[in-house]
Amino acid sequence: MLSMAFLLIMSLVAGVLTGIIGMASLTLYPVLLTIGVPPISANATITVTTVSAGVGTVTSSLKELKYHWKIAGLVALLSTIGSTIGALILIHSSNAGFKRIVPLFILLAGILLFWPNHAKTSSRRQQTHLVTVISWTSVMFIGLYNGYFGAASGLLMIAVLSRVVGGKYVTYNAIRNFASFINNTVSAIIFICLLPIYWSVIIPLIIGLFIGGYVGPILVRYIPEIIIKKVVGIFAIVLAGMVKQKSIGFANFAKPMLFKWIYFYWSFYAELHP
């Protein structure tokens with residue numbers, strides 16, 4: 001009963017983060033490992049349950065999507081093609097290999113959130129045809145990564161859509177929410193057919209993710225972008241340490257290393273922003 005309450009609370013947090021920047025995998029992956037779910041099954045189970053988060057985020061983002069359905073559909077199409085390929089790669093991956101690479105993905109996501117972006121809308125140069133092609137190709141590759149694991153794929157998609165779509169964060173975040181919902185749905189169907197899903201944890205995850213997913217886009221309308229990135233960046237780095245500790249099993253090493261990571265990257269960020 002206690003574990004179910006814990007899953008509900010963490011899925012609620014994950015749902016809110018999903019609606020803000022897309023962090024369900026980052027949040028729930030170490031949680032499922034903690035209760036004994038194998039790595040690949042944990043990832044597949046998270047993908048299945050994030051469909052409910054997608055229902056919440058898209059419903060909550062209808063206001064921003066109202067005049068952007070065409071570009072949202074294109075982003076969803078490209079990312080879903082990539083996501084399908086990524087899901088098929090995951091099916092043929094080993095748990096051991098998956099354990100080793102996931103903490104690195106999560107840590108890099110946290111660092112990327114703190115990486116300064118000096119480009120301003122007013123000074124942005126006119127995009128060349130080559131840059132446009134690269135940007136749209138990146139959408140498909142991010143979808144591929146999302147189908148494989150997805151940690152920080154929302155962040156990566158936000159970075160690309162800020163160039164492809166432009167405008168306000170709340171707008172391209174809504175487009176990201178729609179695209180994530182579509183490609184997660186496709187990946188979930190593949191995983192249900194081909195991978196073991198831990199159905200015993202599904203109900204609390206679905207409930208929490210749906211509620212949190214609905215709340216997330218509402219918060220984006222009121223919270224400054226810089227605050228979102230700082231908070232989620234710290235969260236991602238902490239989670240990277242948690243997953244690393246869980247996957248290699250030596251707490252005496254992982255805990256001090258976690259604090260060293262946080263101190264190093266926070267100091268680096270402070271130097272860039274005196």
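Shown here are the side chain to side chain contact (heavy atoms under 4.5 Å, CB included) partners of Lys63, two or more places apart in sequence or in another chain: Arg221. Residues meeting the side chain to side chain contact (heavy atoms under 4.5 Å, CB included) test with Thr80, sequence neighbours left out: Thr84, Ile182, Asn183, Val186. Residues satisfying the ring-ring contact (aromatic ring centres under 6.0 Å, His included) criterion with Phe191, sequence neighbours excluded, are absent altogether. Listed by chain and residue number, Trp69 satisfy the ring-ring contact (aromatic ring centres under 6.0 Å, His included) test with Phe178 (two or more places apart in sequence, or in another chain).
We find the CG-OG distance between Leu32 and Ser25 to be 10.0 Å, quoted to the nearest 0.5 Å. In this structure, CG on Leu144 lies 9.5 Å from CG on Leu88, to the nearest 0.5 angstrom. Atoms CD1 and CG, from Ile71 and Leu74 in turn, are 7.0 Å apart once rounded to the nearest 0.5 Å.
Heavy atoms from other residues, nucleotides or ligands lying under 6.0 Å from CD1 of Ile203 number 12 at most.
Here the closest non-hydrogen pair linking Thr27 and Met10 is CG2-CE, 3.7 Å.
By the rule that hydrophobic residues join a cluster once side-chain heavy atoms approach within less than 4.5 Å of another member, Val31 and Met4 end up as members of one cluster. Under the 4.5 Å side-chain heavy-atom criterion for grouping Ile, Leu, Val, Met, Phe, Trp and Tyr, Tyr67 is not connected to Tyr172 through any hydrophobic cluster. Grouping the Ile, Leu, Val, Met, Phe, Trp and Tyr side chains by contacts below 4.5 angstrom, directly or via other members, places Met157 with Val170. Two different hydrophobic clusters hold Ile9 and Leu219 under the rule that ILVMFWY side chains link at heavy-atom gaps under 4.5 Å. By the rule that hydrophobic residues join a cluster once side-chain heavy atoms approach within less than 4.5 Å of another member, Ile189 and Phe181 end up as members of separate clusters.
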Kindly list each side-chain donor-acceptor pair under 3.5 angstrom involving residues 11-21, sequence neighbours excluded, with atom names and distances?
residue: Ser11; atom: OG; partner: Leu7; partner atom: O; Å: 2.9
residue: Ser11; atom: OG; partner: Leu8; partner atom: O; Å: 2.8
residue: Ser11; atom: OG; partner: Pro204; partner atom: O; Å: 3.1
residue: Thr18; atom: OG1; partner: Ala14; partner atom: O; Å: 2.7
residue: Thr18; atom: OG1; partner: Ala24; partner atom: N; Å: 3.4

Under 3.5 Å donor-acceptor pairs involving side-chain atoms of residues 48-57, not counting sequence neighbours:
residue: Thr49; atom: OG1; partner: Thr45; partner atom: O; Å: 3.2
residue: Thr49; atom: OG1; partner: Ile46; partner atom: O; Å: 2.9
residue: Thr50; atom: OG1; partner: Ile46; partner atom: O; Å: 3.2
residue: Thr50; atom: OG1; partner: Thr47; partner atom: O; Å: 2.8
residue: Ser52; atom: OG; partner: Thr49; partner atom: O; Å: 2.7
residue: Ser52; atom: OG; partner: Ile206; partner atom: O; Å: 3.2
residue: Thr57; atom: OG1; partner: Ala53; partner atom: O; Å: 3.3
residue: Thr57; atom: OG1; partner: Gly54; partner atom: O; Å: 3.1

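Residue pairs satisfying the side-chain hydrogen bond (donor to acceptor under 3.5 Å, both in side chains) criterion with at least one member in residues 188-204, sequence neighbours excluded, are absent.
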Check the pair Ser79 / Met140 against side chain to side chain contact (heavy atoms under 4.5 Å, CB included), numbers first and verdict last.
CA-CA 4 Å; Ser79 62; Met140 187 172 69; over 6 Å; no
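Looking at heavy atoms from C-beta onward, Thr34 lies out of side-chain contact with Phe6 at the 4.5 angstrom threshold. You'll find the side chain of Ser41 stays beyond 4.5 Å of the side chain of Ile197, heavy atoms only. Looking at Leu65 and Asn177, their side chains never come closer than 4.5 Å, going by heavy atoms from C-beta outward.
No donor-acceptor pair under 3.5 Å is formed between the side chain of Asn173 and the backbone N or O of Tyr169.
Taking Ile, Leu, Val, Met, Phe, Trp and Tyr as hydrophobic and joining them when side-chain heavy atoms fall under 4.5 Å apart, one finds Ile218 in a cluster with Tyr214, Tyr222.
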